[in-house]
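Scroll down for the structure; my scribbles are underneath it.
Along the sequence shown, residues are numbered consecutively beginning with 1. Both backbone and side-chain heavy atoms feed into the values below; hydrogens, waters and symmetry mates do not.
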Amino acid sequence: MKELVSILDGNTFVISDVQGDIDPSPDYPSGLFAWDTRLISKWVLTIDGERLTPLSVDDLQYFENRFFLVPGEPTHYIDAKTSVIRHRTLGGLFEERLTVLNHRNEPTVLTVRMEVASDFADVFDARGGKPRPGQLRQIVDHGRLKLCHQRGHHRVETIVTSTEPGEVDESGFTFRVELDAHGQWSTTLRAVAVFPGAQGHDVRENLLGYRPDRPELRRELAEWVAAAPQLTCGSKVLDNAYRRGLVDLAALQYTGLTSQFKLTATGLPWYMTLFGRHSLIASYQALPFVPGIARNTLLCLALMQGSRIDDFRDEEPGKILHEVRYGEPGGFEEQPRTLYYGAADTTPLFVILLDEYERWTGDAEMVRRLEFEARAALTWLDTYGDLMGDGYLWYERRSPAGLENQGWKDSAEAIIHSDGALPGHPRATCELQGYKYDAKVRAARLAREFWNDPRYADRLIREAEALKIRFNRDFWIEDGEYYALALDGEGNQVDALASNMGHLLWSGIVDEDRAEPVVRHLLGDRLFSGWGVRSLARGQRRYNPVGYQNGGVWPADNSLIVLGLRRYGFDESMARLAYAMIEASGQFDGRLPELFAGYDRKVTRRPVQYPRACYPFCSSAGTPMALLRALLGLQPHEEHLTIVPAIPEQLGRIELVGIPGRWGRIDAFGHGRLRLFNE
């Protein structure tokens with residue numbers, strides 16, 4: 001698989017090879033994408049008919065990079081007579097400043113060619129190389145190249161221009177460049193998309209957020225980083241992971257669905273859109289650092305909360321959204337994901353985040369503003385979510401194009417028995433019960449303190465306590481001393497040993513006397529790889545170290561396990577797992593991917609990349625923040641922030657200056673005193 005380079009700005013992104021060329025294959029979906037549509041599928045530069053070879057690539061900012069190249073094969077590196085610089089930026093439109101330099105002592109004439117095309121593929125069709133229905137056209141129009149796609153009344157265009165005159169044909173731009181001795185020539189190529197508005201109008205500005213002022217983007221990034229707490233620590237790896245996470249969360253901000261506030265896209269390249277689950281988790285992780293993400297996520301998900309029965313979209317009243325898609329397949333109802341509700345975890349996570357947001361920020365007005373939506377979410381948990389009428393949270397898809405599994409492990413073969421058999425439907429995974437328990441406990445506080453409804457609060461507490469008792473009876477596997485992954489439709493335990501039970505510590509549903517054996521499993525060699533907790537234990541029939549959710553290590557999953565270990569007082573185990581994740585981040589230059597492979601640390605010198613993982617990924621970017629919260633023991637308590645550090649000695653001193661909250665801003669610090677022993 002080719003090495004790829006990317007830049008992004010919100011949900012607009014470019015993926016190319018290290019030459020800067022866009023020339024995709026089904027193995028890697030390079031291109032210029034926005035709103036789930038590939039707007040440019042070919043962008044190939046040649047000099048005198050030769051492709052270029054990279055010397056280096058500068059990763060300048062998340063929205064710009066620069067390629068240094070020479071024509072021809074690598075043997076031409078020595079005393080190259082021509083070199084090329086491609087400076088690429090995003091800021092609403094796609095812009096590439098192309099500079100050709102002559103290193104000869106005499107003039108020369110070069111033919112510079114940029115091949116340009118677009119297939120306007122949906123992002124998932126681009127991954128599989130599947131062509132889109134409809135008509136493609138390339139039109140030369142007064143020095144511009146217009147790439148057009150039309151299907152029925154749906155029309156999309158990409159308009160490409162150059163600041164220097166050249167010959168334009170239906171396949172690109174050709175420039176005859178005359179260079180003096182040691183001279184140079186430049187042109188700027190620009191591409192802007194035109195999407196259809198409600199009346200078919202050109203809405204390129206409000207859809208792509210055209211911002212030609214690059215210094216403004218740099219200023220916004222600097223302000224974003226400056227507003228977050230400043231970290232000083234004895235570990236350059238942790239420092240780099242934290243700062244990279246901040247920048248990645250900034251890069252993933254986009255304006256969509258509403259112009260009132262920015263949302264957080266989930267991950268490049270497959271999920272450059274709002275995902276309820278990962279937006280909620282990333283918001284929770286980032287609360288002590290950039291609390292505005294949580295506010296925007298809550299408001300947006302409340303705005304799109306389910307209000308009707310719609311089987312095609314798995315929508316029900318009170319249910320919180322799973323996914324938004326903008327591409328053509330949703331518009332033609334080939335799949336349900338324009339607004340898709342096929343997730344059982346988003347609804348309790350919404351209530352959990354609302355409570356946590358108020359605990360940190362003191363924003364009581366938000367809690368009162370979203371009372372109706374929170375109550376509707378709680379009602380959904382006890383009605384549509386309780387498919388079997390037994391108090392548990394279940395799921396079963398109704399949409400023929402919907403997801404088979406609707407928890408955080410939503411791939412088709414993620415919920416399994418230890419022998420590899422697939423359970424029947426409906427299914428009730430263990431972490432969903434923890435989320436439901438936590439949501440009711442938290443909602444009781446909101447009802448008592450903000451909604452003036454103590455009777456409702458008392459009822460929620462009684463229901464939460466009853467759920468905890470039943471759960472610890474029905475999900476506990478006595479002979480293995482761990483919690484079942486799920487119950488099937490017959491009420492039988494789905495007995496696979498998996499990471500999901502780590503979320504139960506985070507939610508607080510685990511009985512105190514059962515926490516220790518759970519922790520032994522999580523940090524034992526079947527689940528713990530040395531770099532992190534695997535999604536499925538080694539030895540299970542479908543275990544695969546490069547399986548998406550059957551053996552891979554997910555940073556977001558691990559971050560919730562770390563917080564759960566801290567909640568139950570397993571500080572050394574927490575520190576060990578947190579430190580392993582920090583070390584893993586160093587092997588990815590500070591940027592934790594969506595997931596990585598679950599190979600044992602003793603057989604691999606560094607974590608093995610998972611093919612096609614998103615990179616960056618919002619809840620992986622937020623993982624270092626969750627780790628810092630656990631290591632420093634940060635907990636909001638009324639108008640105060642409690643700080644109880646539990647830091648491994650390898651990290652030295654950690655100082656976090658300017659933590660925002662209802663207390664204003666406060667500093668936290670701690671010394672590394674825990675001695676870790678690798679087993």
| task | Before giving the answer on side chain to side chain contact (heavy atoms under 4.5 Å, CB included), spell out for Ile647 and Leu632 the whole-Å C-alpha distance, their side-chain angles and the decisive distance to 0.1 Å. | result | CA-CA 7 Å; Ile647 302 170; Leu632 288 168; 4.1 Å; yes
| query | Would a distance-only check, ignoring hydrogens and angles, find a side-chain to backbone donor-acceptor pair under 3.5 Å from Asp58 to Asn65? | reply | no
| said: I'd like to check Arg244 versus Phe588 (side-chain heavy atoms, cut-off strictly below 4.5 Å). Are they in contact? | reply: no
| request: Using modelled atom types only, decide if a donor and an acceptor are shared between the side chain of Thr89 and the backbone of Glu64 within a distance under 3.5 Å. | output: no
| said: So, taking the atom named CG in Leu45 and the one named CG in Asp23, what distance separates them when rounded to the nearest 0.5 Å? | reply: 12.5 Å
| Side-chain donor or acceptor of Asp48 paired with backbone N/O of Thr111 under 3.5 Å | yes
| Arg97 with Glu95: basic N within carboxylate O range, under 4.0 Å | no
| Distance-only, no hydrogens or angles: does the Arg88 side chain make a donor-acceptor pair with backbone N or O of Gly20 under 3.5 Å? | yes
| request: Applying side chain to side chain contact (heavy atoms under 4.5 Å, CB included), run through Leu268 and Tyr615 and close with a yes or a no. | output: CA-CA 5 Å; Leu268 186 151; Tyr615 196 74; over 6 Å; no
| Yes or no on side chain to side chain contact (heavy atoms under 4.5 Å, CB included) for Arg51 and Asp21, after CA distance, side-chain angles and deciding distance? | CA-CA 9 Å; Arg51 298 282 287 265; Asp21 287 338; 3.1 Å; yes
| task | Answer yes or no: is there a donor N or O on one side and an acceptor on the other, between the side chain of Ser529 and the main chain of Gly532, under 3.5 Å? | result | yes
| For Phe33, which of Phe124, Phe120, Phe94, Phe13 qualifies under ring-ring contact (aromatic ring centres under 6.0 Å, His included)? | Phe13
| query | Should Asn296 and Thr264 count as side-chain neighbours, where that means a heavy-atom distance under 4.5 Å? | reply | no
| field | Intermediate values then yes/no, side chain to side chain contact (heavy atoms under 4.5 Å, CB included), Trp43 and Val116 | value | CA-CA 5 Å; Trp43 188 266; Val116 182; 3.8 Å; yes
| note | Rounded to the nearest 0.5 angstrom, the CZ-SG distance for Arg277 and Cys618 is 11.0 Å
| Which heavy atom of Ser619 sits nearest a heavy atom of His278, and at what distance? | OG-ND1, 2.9 Å
| Pairwise distance CG(Leu634) to CE(Met625) - rounded to 0.5 angstrom | 13.0 Å
| Are any of the side-chain heavy atoms of Val14 and Ile40 separated by less than 4.5 Å? | no
| note | Of all heavy-atom pairs linking Glu170 and Val140, the shortest is N-CG2, 3.8 Å
| Any side-chain heavy-atom pair from Arg325 and Val123 closer than 4.5 angstrom? | yes
| remark: On a heavy-atom basis, the closest approach of Met272 and Gly10 is CE-O, 2.8 Å
| query | When you look at Gln253 and Trp224, which way does the side-chain hydrogen bond (donor to acceptor under 3.5 Å, both in side chains) test go after all the steps? | reply | CA-CA 11 Å; Gln253 301 300 297; Trp224 172 277; over 6 Å; no
| query | Counting distance only, does the side-chain N/O of Gln230 pair as donor-acceptor with the main-chain N or O of Ala228 below 3.5 Å? | reply | yes
| Any Gln650 side-chain heavy atom under 4.5 Å of Glu583 side chain | no
| Closest approach of Leu592 and Phe596, non-hydrogen atoms and distance? | CD2-CE2, 4.4 Å
| message | Taking the side chain as everything from C-beta on, heavy atoms only, tell me whether Thr273 gets closer than 4.5 Å to Asn11. | response | no
| Do NZ/NE/NH1/NH2 and the carboxylate oxygens of Arg144 and Glu157 come within less than 4.0 Å? | no
| Presence of salt bridge, Glu178 and Arg176, under 4.0 angstrom | yes
| query | Will you find, in the side chains of Thr99 and Ser186, an N or O donor that is under 3.5 Å from an N or O acceptor? | reply | yes
| request: Kindly indicate whether the side chain of Ser16, heavy atoms from C-beta on, has any atom under 4.5 Å from the side chain of Phe67. | output: yes
| query | Would you say Glu655 has more than 12 foreign heavy atoms packed within less than 6.0 Å of its CD? | reply | yes
| field | 4.5 Å side-chain heavy-atom contact, Leu353 and Ile281 | value | no
| query | Sub-3.5 Å donor-acceptor pair from the side chain of Arg243 to the main-chain atoms of Leu231, do we have one? | reply | yes
| said: Out of the candidates Tyr271, Phe275, Trp408, only one should pair with His322 under the ring-ring contact (aromatic ring centres under 6.0 Å, His included) rule; please name it. | reply: Phe275
| Taking the side chain from Ser535 and the backbone from Gly552, do they hold a donor-acceptor pair closer than 3.5 Å? | yes
| Side chains of Thr174 and Arg113, donor plus acceptor under 3.5 Å | yes
| query | Any sub-3.5 Å donor-acceptor pair from Asn240's side-chain atoms to Asp589's backbone N or O? | reply | yes
| request: Verify the distance criterion only: is there a donor paired with an acceptor across the side chains of His149 and Ser118 at less than 3.5 Å? | output: no
| said: For Phe175, give me all partners under side chain to side chain contact (heavy atoms under 4.5 Å, CB included), at least two apart in sequence or on another chain. | reply: Val112, Ser162, Phe173, Val177, Trp185, Thr187, Leu189
| remark: Tightest non-hydrogen contact, residues Trp270 and Arg612, listed as NE1-O, 3.0 Å
| note | side chain to side chain donor-acceptor pair (under 3.5 Å) filter on Asn102, not counting sequence neighbours, yields Arg104
| message | Tell me if a side-chain donor or acceptor on Ser6 pairs with a main-chain N or O of Ile15 at a distance below 3.5 Å. | response | no
| field | Inter-residue atom distance Leu69.CG - Thr82.OG1, 0.5 Å rounding | value | 12.0 Å
| query | What do you reckon, are the aromatic ring centroids of Trp554 and Tyr548 less than 6.0 Å apart? | reply | yes
| If every non-hydrogen atom of Asp119 is compared with every non-hydrogen atom of Leu136, which pair is closest and at what distance? | O-CD2, 4.0 Å
| Can you tell me how far the OH atom of Tyr254 sits from the CG atom of Leu8, to the nearest 0.5 Å? | 13.0 Å
| Gap between atom CG of Leu55 and atom CZ of Phe68 - 0.5 Å precision | 9.0 Å
| Qualifying salt bridge (Lys or Arg N to Asp or Glu O under 4.0 Å) pairs with a residue from residues 263-275, counting only residues at least two apart or across chains | none
